[in-house]
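Worksheet for the structure shown next.
A quick note: this is a predicted structure, and the numbers were derived from the prediction, not measured. Side chains included, hydrogens not; waters and symmetry mates left out as well; all remaining heavy atoms used. Numbering of residues begins at 1 and proceeds along the displayed sequence.
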Amino acid sequence: MSTHIVWHDHKVTRADRAEPKHQHPCLLWFTGLSGSGKSTIANALDVALHQRGYHTFLLDGDNVRHGLNNDLGFSDEDRVENIRRIGEVSKLFTDAGLIVLSAFISPFTSDRRMVRKLFPAGEFIEVFMNTPIETCEERDPKGLYQKARAGKIKDFTGIDSPYEIPPHPEITLDTSSQTVEECVESLLDYLAERKLILPKQ
């Protein structure tokens, strides 16, 4: 980092930006194996919040790699940088007063901890998609597990690259036993209980 960079505080604060929206900025960080339901649940929650008038933004792993992170591969180093950039972008969106939903495998505890440290207490909400790998493989929407088992994809999380289970996630969901609607209701209840959004009318 250059030594000539100076931080400039904004006169309009994140609280000022969030107040007209009747919401508290936060980041819901969906983590779990490929096929565990991260994107599905994040999208469904995004729709539910939008329908209630809240201002959100959804960051999805594949979409981000098409643009912002299209220079990164899947080495351990690139995966760390991928998550670091997403954390910084998420912080910018919350500074704008938004509720951010982020759906990334993010297999390493240290990376998720790195992002958590960017946010005030209570504003990083780790959502662990604890769907069994057997269910994820049965779904295999992109055919990735089949390719990984055949050796066509290397360093695939859950097969030949580890997934480190979150030790203390704020929320744990399992789409093998919970419906999309049940998962969304659990998330909405959590946000309302912590006064990040208004209770359902």
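- Checking R139 against T175 by side-chain atom types alone, a donor-acceptor pair falls below 3.5 Å.
- Formation of a donor-acceptor pair under 3.5 Å by the D46 side chain with backbone atoms of N43 is not found in this model.
- With a 4.5 Å cut-off between side-chain heavy atoms of Ile, Leu, Val, Met, Phe, Trp and Tyr, the cluster of I165 takes in L33, I105, F128, I133, L144, Y145, I153, F156, I159, Y163.
- Connection of I171 to L58 is established within a shared hydrophobic cluster, with ILVMFWY side chains joined at heavy-atom distances below 4.5 Å, either directly or through further cluster members.
- Under the side chain to side chain contact (heavy atoms under 4.5 Å, CB included) criterion, S186 pairs with L173, Q178, sequence neighbours left out.
- Side chains of R79 and S161 form a contact here, defined as non-hydrogen atoms less than 4.5 Å apart.
- A donor-acceptor contact shorter than 3.5 Å links the side chain of E170 to the backbone of E126.
- Following chains of ILVMFWY side-chain contacts shorter than 4.5 Å, one can reach L187 starting from L198, so the two form part of one hydrophobic cluster.
- Considering only heavy atoms from C-beta on, Y190 stays 4.5 Å or farther from V127 through its side chain.
- With respect to the salt-bridge test (charged N to carboxylate O, under 4.0 angstrom), the residues K91 and E88 do not qualify.
- Interatomic distance, NE2 of H22 versus CD1 of I197, reported as 13.0 Å (0.5 Å rounding).
- Although no hydrogens or angles enter the test, the distance criterion places a donor-acceptor pair under 3.5 Å between the side chain of K38 and the main chain of G32.
- Between R149 and D140 no salt bridge is recorded (no basic side-chain N to carboxylate O distance below 4.0 Å).
- Side chains of Q23 and L49 form no contact here, defined as non-hydrogen atoms less than 4.5 Å apart.
- The distance from atom CD of E137 to atom CD of E134, rounded to the nearest 0.5 Å, is 7.5 Å.
- Rounding to the nearest 0.5 Å gives a distance of 6.0 Å between CG of L98 and NZ of K21.
- The shortest heavy-atom contact between D78 and G73 is OD2-N, 2.6 Å.
- Between atom CG of residue L72 and atom CD of residue E81 there is a gap of 6.0 Å, rounded to the nearest 0.5 Å.
- Side-chain contact between W29 and I86 is present, with at least one heavy-atom pair separated by less than 4.5 Å.
- Tested against S106, the residues V80, D111, T31 include a single side-chain contact (heavy atoms from CB on, under 4.5 Å) partner, T31.
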Test F119 against S90 for side chain to side chain contact (heavy atoms under 4.5 Å, CB included), laying out the working first. CA-CA 10 Å; F119 293 83; S90 297; 4.0 Å; yes

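- With rounding to the nearest 0.5 angstrom, the CD atom of E164 is 7.0 Å from the CZ atom of R112.
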Could you walk me through whether M114 and R84 pass the side chain to side chain contact (heavy atoms under 4.5 Å, CB included) check? CA-CA 7 Å; M114 170 182 63; R84 187 195 70 80; 3.8 Å; yes

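- Take P120 and apply the side chain to side chain contact (heavy atoms under 4.5 Å, CB included) test, not counting sequence neighbours, and it matches R14, E123.
- Between the side chains of D60 and S39, a donor-acceptor pair is found at a separation under 3.5 Å.
- Put simply, the side chain of L191 reaches to within 4.5 Å of the side chain of I125, judged on heavy atoms.
- Using modelled atom types and a 3.5 Å distance limit, the side chains of N130 and T172 yield no donor-acceptor pair.
- The line from CG of L45 to CG of L28 is 6.0 Å long, rounded to the nearest 0.5 Å.
- In this structure the side chain of L196 never reaches within 4.5 angstrom of the side chain of Y54, judged on heavy atoms.
- Closest of all the heavy-atom pairs between P167 and T109 is CD-CG2, 4.4 Å.
- Side-chain atoms of T40 and C183, non-hydrogen and from C-beta on, never get closer than 4.5 Å to each other.
- Looking at heavy atoms from C-beta onward, N82 lies in side-chain contact with F104 at the 4.5 angstrom threshold.
- The only member of T94, L118, V115 that meets side-chain contact (heavy atoms from CB on, under 4.5 Å) when paired with F124 is V115.
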